Number of protein chains: 2
Amino acid sequence: MSDQNHELRKAGLKVTLPRVKILQILEESHKRHLSAEDVYKALLESGDDVGLATVYRVLTQFEQAGLVERHNFDGGHSVFELDSGEHHDHLVCMETGKVIEFQNGEIEALQEEIAEKLGYELVDHSLVLYGKPKS
Amino acid sequence: MSDQNHELRKAGLKVTLPRVKILQILEESHKRHLSAEDVYKALLESGDDVGLATVYRVLTQFEQAGLVERHNFDGGHSVFELDSGEHHDHLVCMETGKVIEFQNGEIEALQEEIAEKLGYELVDHSLVLYGKPKS
DNA sequence: TCACTAATTGCTATTGATTCTCATGGTATA
DNA sequence: TATACCATGAGAATCAATAGCAATTAGTGA
């Protein structure tokens, strides 16, 4: 039983060709953040005939299963990244679109405090920095 | 010269009926965050005949002029709020959709530090907390 | 291994938000 | 007030994403 199959089963998803292929693409891509369209194109290039609707469906299932995270940088369309297990936030370069990941425990803690103070239980958060490279 | 006219001129925008009306709606709404559709409906209700395309155009112009800020909570459609001059971030209630504003200087400072450390000049950021109300 | 049932897929049509086109009408300036 | 340019309205067009539906396929038990 391959790696992907195991991951899918663990996530409670039937092992189907489209799901295995999509998971492979996410794992093997040199890009960390892929749009549904990116995944679709990669499938076509590798000769796999998977419908775009299926790509969207599978990515959403992966998200719900906790296999991937969905981000919406700058209000644009969704991009997906494999859940690395390590929480992190993102800095987006305004010139190249490059995405850099970072972690900061202090900010995380402060967020908890703020939600707490406002009477809420913090379930999720989204922090994206937008910056220009220094000369 | 009314308040709105002055604001529009200051922003380098011609004073036109749609722009004045839309600015009024933003100022007078009890909601802080309005979608283009919200503004459009408010215009219709007050008997003003402004096209939806114009609403989108004007809101975008206001954004570029720094009169309003655009937010994309949760990847959904855009909402706009008058720029209060005071920077703040948002906590979105996952049950009611209510949006609470907060400020935190420490987090702001940490963000600057992080961008700096990564070799970027911080231009903008987006921080949204998602929470559930505590019983 | 074979058949069965429910889940999954592919294709296409459709939605919803936003933008574009372009002819018409309005605004600031001389 | 005439002029030149900007802004508007209406609807078509676009884009990402989703829904509907008939045809396939995976996982199960015999």
Side-chain angles (χ1 to χ4, degrees), chain A residues 1-2 4-25 33-44 46-65 67-68 70-80 97, chain B residues 1-2 4-25 33-44 46-65 67-68 70-80 97:
Chain A
M1 182 193 298
S2 85
Q4 278 98 14
N5 289 12
H6 185 61
E7 280 195 72
L8 288 172
R9 281 185 216 283
K10 211 172 53 182
L13 295 169
K14 276 191 187 175
V15 177
T16 66
L17 217 67
R19 299 216 258 240
V20 172
K21 293 290 183 188
I22 291 173
L23 195 47
Q24 273 181 7
I25 284 172
H33 303 87
L34 297 176
S35 67
E37 204 70 38
D38 289 337
V39 173
Y40 180 62
K41 281 184 199 140
L43 284 165
L44 291 188
S46 63
D48 296 300
D49 212 355
V50 174
L52 182 55
T54 300
V55 173
Y56 276 103
R57 277 187 295 237
V58 168
L59 286 173
T60 301
Q61 290 158 355
F62 283 4
E63 183 194 10
Q64 287 164 350
L67 290 178
V68 307
R70 179 197 301 259
H71 303 294
N72 291 83
F73 302 137
D74 210 15
H77 55 190
S78 295
V79 295
F80 301 84
Chain B
M1 183 192 294
S2 85
Q4 278 98 16
N5 289 13
H6 184 60
E7 281 196 74
L8 288 172
R9 280 184 216 283
K10 211 172 54 182
L13 295 169
K14 278 192 188 173
V15 177
T16 66
L17 216 69
R19 300 215 256 239
V20 173
K21 293 289 183 188
I22 291 173
L23 195 47
Q24 273 180 9
I25 284 171
H33 303 86
L34 297 177
S35 68
E37 203 70 39
D38 288 337
V39 173
Y40 180 62
K41 281 185 199 140
L43 284 166
L44 291 188
S46 63
D48 296 301
D49 211 357
V50 174
L52 181 55
T54 300
V55 173
Y56 276 102
R57 275 187 295 237
V58 169
L59 286 173
T60 301
Q61 290 158 355
F62 284 4
E63 183 194 9
Q64 285 164 349
L67 291 178
V68 308
R70 179 197 299 258
H71 301 295
N72 292 84
F73 302 137
D74 210 14
H77 55 187
S78 294
V79 294
F80 301 83

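Side-chain atoms are counted along with the backbone in the values below, which use heavy atoms only and exclude waters and symmetry mates. Because the structure is a prediction, the values reported are computed rather than measured. Proteins get letters first, then strands, A, B, ... in listed order; numbering begins at 1 in each.
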* Pick base, sugar-phosphate or nothing for A:S35, based on heavy-atom distances below 4.0 Å to the nucleic acid. => nothing

* Answer with base, sugar-phosphate or nothing: what part of the nucleic acid does A:R57 contact at a heavy-atom distance below 4.0 Å? => base

Just how far, in rounded Å, is [atom2] of [N] from [atom1] of [X]?
| X | N | atom1 | atom2 | value |
| --- | --- | --- | --- | --- |
| A:L17 | C:dT9 | CG | P | 9 Å |
| A:L8 | C:dT9 | CG | P | 10 Å |
| B:Y40 | C:dG16 | OH | P | 16 Å |
| A:L52 | C:dT15 | CG | P | 18 Å |
| B:Y56 | C:dT18 | OH | P | 4 Å |
| A:F62 | C:dT8 | CZ | P | 11 Å |
| A:D48 | C:dT8 | CG | P | 19 Å |
| B:L13 | C:dA28 | CG | C1' | 14 Å |

* Structure fact -> Footprint ends on DNA chain D, 5' to 3', for atoms under 4.0 angstrom from a heavy atom of chain A, come out as D:dA16 to D:dG27

Nearest atoms (heavy-atom pairs only) where [X] meets [Y]:
| X | Y | answer |
| --- | --- | --- |
| A:G51 | A:Y40 | C-CE1, 3.9 Å |
| A:L8 | A:F62 | CD2-CE1, 3.6 Å |
| A:N72 | A:H77 | ND2-C, 4.1 Å |

* Asked: Considering only C:dT8, C:dA28, C:dT18, which nucleotide approaches the side chain of A:T16 most closely?
  -> C:dT8

* Asked: Among the nucleotides C:dT12, C:dA17, C:dA28, which one has an atom lying closest to any side-chain atom of A:A53?
  -> C:dT12

* How far apart are the C-alpha atoms of B:Q61 and B:L67, what are their side-chain angles, what is the distance that settles it, and do they pass the side chain to side chain contact (heavy atoms under 4.5 Å, CB included) test? -> CA-CA 9 Å; B:Q61 290 158 355; B:L67 291 178; over 6 Å; no

* Could you grab the distance from atom CD1 of A:I25 to atom OG of A:S46, nearest 0.5 Å is fine? => 5.0 Å

* To do: Could you pick out which residue, B:K14 or B:E37, lies toward the 5' side of DNA chain C when each is mapped onto its nearest nucleotide?
  => B:E37

* Derivation of the side chain to side chain contact (heavy atoms under 4.5 Å, CB included) call for A:V39 and A:F80 -> CA-CA 10 Å; A:V39 173; A:F80 301 84; over 6 Å; no

* **Residue that, paired with A:R19, satisfies side chain to side chain contact (heavy atoms under 4.5 Å, CB included) out of A:Q24, A:E7, A:K14** => A:K14

